[in-house]
2 protein chains.
Amino acid sequence: MANLLSVAKLAGVSRATAARAFSSPESLRPETHRRVMEAARVLGFRPNKVAQQLRTRATRMLGVMVPSLDNPVFAEQLQAMEEAARAAGYSLIVTTSGYDPGREEAIVEEMLRQRVDGLALTVAEADHSAVLVKLRRESTPCLLVHNPPVAPCFPSVGVDNRAAMADATRYLIAQGHRRIGMIGGPLLQSDRARLRHEGYREAMEAAGLTPLALIEMPRHTQVALSRLAPALGGTEGLTAVLCTNDLLAISLIGELRRSGRSVPGDLSVMGFDGIELGRHLYPSLSTVVQPRAEFGRVAVDTLLALIRGATPQPLPLPHVLREGESAGALPASRQAPEPYDP
Amino acid sequence: MANLLSVAKLAGVSRATAARAFSSPESLRPETHRRVMEAARVLGFRPNKVAQQLRTRATRMLGVMVPSLDNPVFAEQLQAMEEAARAAGYSLIVTTSGYDPGREEAIVEEMLRQRVDGLALTVAEADHSAVLVKLRRESTPCLLVHNPPVAPCFPSVGVDNRAAMADATRYLIAQGHRRIGMIGGPLLQSDRARLRHEGYREAMEAAGLTPLALIEMPRHTQVALSRLAPALGGTEGLTAVLCTNDLLAISLIGELRRSGRSVPGDLSVMGFDGIELGRHLYPSLSTVVQPRAEFGRVAVDTLLALIRGATPQPLPLPHVLREGESAGALPASRQAPEPYDP
DNA sequence: GAACACAATGAGATCGATCTCATTACGCTA
DNA sequence: TAGCGTAATGAGATCGATCTCATTGTGTTC
């Protein structure tokens, strides 16, 4: 394949001049510039970014690691990141960790060897992450996405998970619910799940209600109704459930209806994430919307700022409670025996 | 940052020997190998892939372009591709085109400059794609995903869209439906949409039924019920609808139910893709499953074969019809006036 | 101990750009 | 036309590895 040297020869100039034709055309005589460009065209010259990267010690590539692309919340965020990155002249190397610390480690090492200019990571557990400890010693700019900014060294882009779930909880309380439960995926100890549960607990306690332990589901994307069934039966059963993500909520609604229960008649269900699809379901999903597209943009902007040497301290992004049809007012027939009276 | 030269110096060997310690340790005396590795450890040496890539003229990176990550069918496929690629020691550069030919062009040019070892593309229209015409002159191995293998030059990974939609149509016919319509996204002319419509038409005609034109929706992910309403009313209205993708189907089901209609009572709905979520909805989605995870694996395997210089001719991947609850037998009350009688 | 085969190591070119610094060319004024 | 300042261009080093080929070192055999 044609390289700059061959272009330079054909145009009758030196490599340096040929290079300038691309990087700073204004420093060349118009005629020289034209000759070089013509030679490049004739030879089908295509600049080699690898060589540029080696020489300039900048790859203009960002490494992105998300737990999974099966959850639209990550896919939608990635979509926004890709667009923002490309607009800024950067490419993304995309990887999935499956929440596996071993894979996280290997992926990050690989990306460092690739000399990415920056890393945007979503890890399982930011404050006990081996990979973050390692990165602390490295000079590659690094940004957390979704993870709370517990690690003092790394800026973080995400919503205030605790406040967001507290909002959702208060919303259900305002709808008249008193017996409210919460379900989550298999990583109960994940930093976000923990914060969300704390938000739930605080809102419950602030209202004089009893928070329950997080009910663990075997998968992030699918409920096992059997794990929840005990909490649902009888007059003392739950009347509303908060889910740590939308996929769980959607799956829960499906299972409930398949088992003959109605939503929100028998149980109000709230999601978390605000994936696009939730709007179009019936009943439409009541959920806490994380602004995923903005996540992506802000993540890239912040990472680029870090790369430029700035020390941005991004604020938590605002979450929005989207009222759908899956959570509603508590039917009179299911009012708690003891009325709420502060 | 430490480079091989500094490692070599510290270990008291030449660069060549230091390099061999990593690439072919067996060719070194154990003692020499140990000294080099120790020096590397002390200096925190991390091999520079950019330099390796320049020198070996192989990046071990694959360029992936999909229309969008907002549709789980692409996200799930990408997830599988990433795992397969990483298992083979390759990284993915991921981009989204939004079906925009201009962006397709820019993205591919960018990836060629990056000297990716191979490209896996999903384009809007394989047989009139400017970007594919350009790629035909290039030596970079290229694979189409989802696009039918119309372009003689490029292998393609995907299901047989025509046969798949014909199967779905026959399924509905077998359920007693006679007035069956089909809806699609804004790209009626997309190669896949066209093939799927052809499959539908053939199956209809083979059964002596009248196929209808594809009803165009303004977006890929969301129906506008108003566009469909005219076809639904009265005793002559449709009793079943095929959708070109699952998101449309899910959105359609939601809209129908919200407007007071039941699914499949008033209208049977079939999707296409088989995204995971469809299983968990209520009613669960009847759909044609494209094996997305297998797509990803096969795509990577085929592309790696191309890179090795083989000329694989991948077969269409098998599709599976998944019977859900959104499509059912035609109620007796809605039997067509003229019974089907070949 | 000399000769030889083979293993281990080193020297230097190379991949394809960029960048600095030196040199040449050009335009302007006197 | 000479002199000068600036614009335009070129020569060569450099980024960090790999690879070929030459050389040195080691061990075996007679």
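Lettering follows sequence order; numbering is per chain, from 1.
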Checklist outcome for this item: Assert: residue with more 5' nearest nucleotide on DNA chain C, out of Leu54(A) and Arg29(B), is Arg29(B)
Checklist entry - Rounding to a whole Å, what distance do you find between Leu28(A):CG and dA7(D):C1'? => result 11 Å
Checklist entry - In whole angstroms, how far is the C1' atom of dG16(C) from the CD atom of Gln114(B)? => result 13 Å
Next on the checklist: In this structure, how many angstroms lie between the C1' atom of dC15(C) and the CG atom of Asn48(B), rounded?
Outcome noted: 13 Å
Item to check | hbond_proxy Arg20(A) side chain to dG10(D) base (donor-acceptor, 3.5 Å cutoff) | outcome: yes
Next on the checklist: Students often get this wrong, so: under 4.0 angstrom with heavy atoms, is Phe45(B) touching a base, only sugar-phosphate, or nothing?
Outcome noted: sugar-phosphate
Item to check | Value in whole Å for how far the C1' atom of dG16(D) lies from NZ of Lys9(B) | outcome: 13 Å
Next on the checklist: What I want to find out is whether Arg34(B) reaches Glu31(B) closely enough, with some N-O distance under 4.0 Å, to be called a salt bridge.
Outcome noted: yes
Checklist entry - What is the distance, rounded to the nearest whole Å, between atom CG of Asn3(B) and atom P of dT18(D)? => result 12 Å
Checklist entry - Base, sugar-phosphate, or nothing for Val13(A), non-hydrogen atoms under 4.0 angstrom? => result sugar-phosphate
Checklist entry - Got a donor-acceptor pair under 3.5 Å from the side chain of Arg15(A) to the base of dG12(D)? => result yes
Next on the checklist: Quiz question: by atom type and distance under 3.5 Å, do the side chains of Gln290(A) and Gln77(A) form a donor-acceptor pair?
Outcome noted: no
Item to check | Whole-Å gap separating C1' (dC15(C)) and CE (Met1(A)) | outcome: 14 Å
Checklist outcome for this item: To the nearest angstrom, the CG-C1' distance between Leu4(B) and dT14(C) comes to 15 Å
Item to check | Touch class at under 4.0 angstrom, heavy-atom based, for Ser23(B) against every strand present | outcome: nothing
Next on the checklist: Students often get this wrong, so: under 4.0 angstrom with heavy atoms, is Ser27(B) touching a base, only sugar-phosphate, or nothing?
Outcome noted: sugar-phosphate
Checklist entry - Between the side-chain atoms of Arg57(A) and the base atoms of dG16(D), is any donor-acceptor pair under 3.5 Å? => result no
Checklist entry - Rounded to whole angstroms, how far apart are CG on Leu5(B) and C1' on dT14(C)? => result 16 Å
Checklist entry - Which nucleotide, dT9(D), dT18(C), dA13(C), lies nearest any side-chain atom of Thr56(A)? => result dT18(C)
Checklist entry - Any idea which of dG16(D), dT18(C), dG10(C) is nearest the Thr17(B) side chain? => result dG10(C)
Checklist entry - Nearest of dA17(C), dA11(C), dA17(D) to any side-chain atom of Arg55(B)? => result dA17(D)
Checklist entry - Salt bridge between Glu83(B) and Arg297(B), side-chain N to carboxylate O under 4.0 Å? => result no
Next on the checklist: Before we go on, tell me: are the rings of Phe22(B) and Phe45(B) under 6.0 Å apart, centre to centre?
Outcome noted: yes
Checklist entry - Can you tell me if Thr96(B) and Arg103(B) form a side-chain donor-acceptor pair at under 3.5 Å? => result yes
Checklist entry - Nearest to the side chain of Gln52(B) - dA11(D), dA17(C), dT18(D)? => result dT18(D)
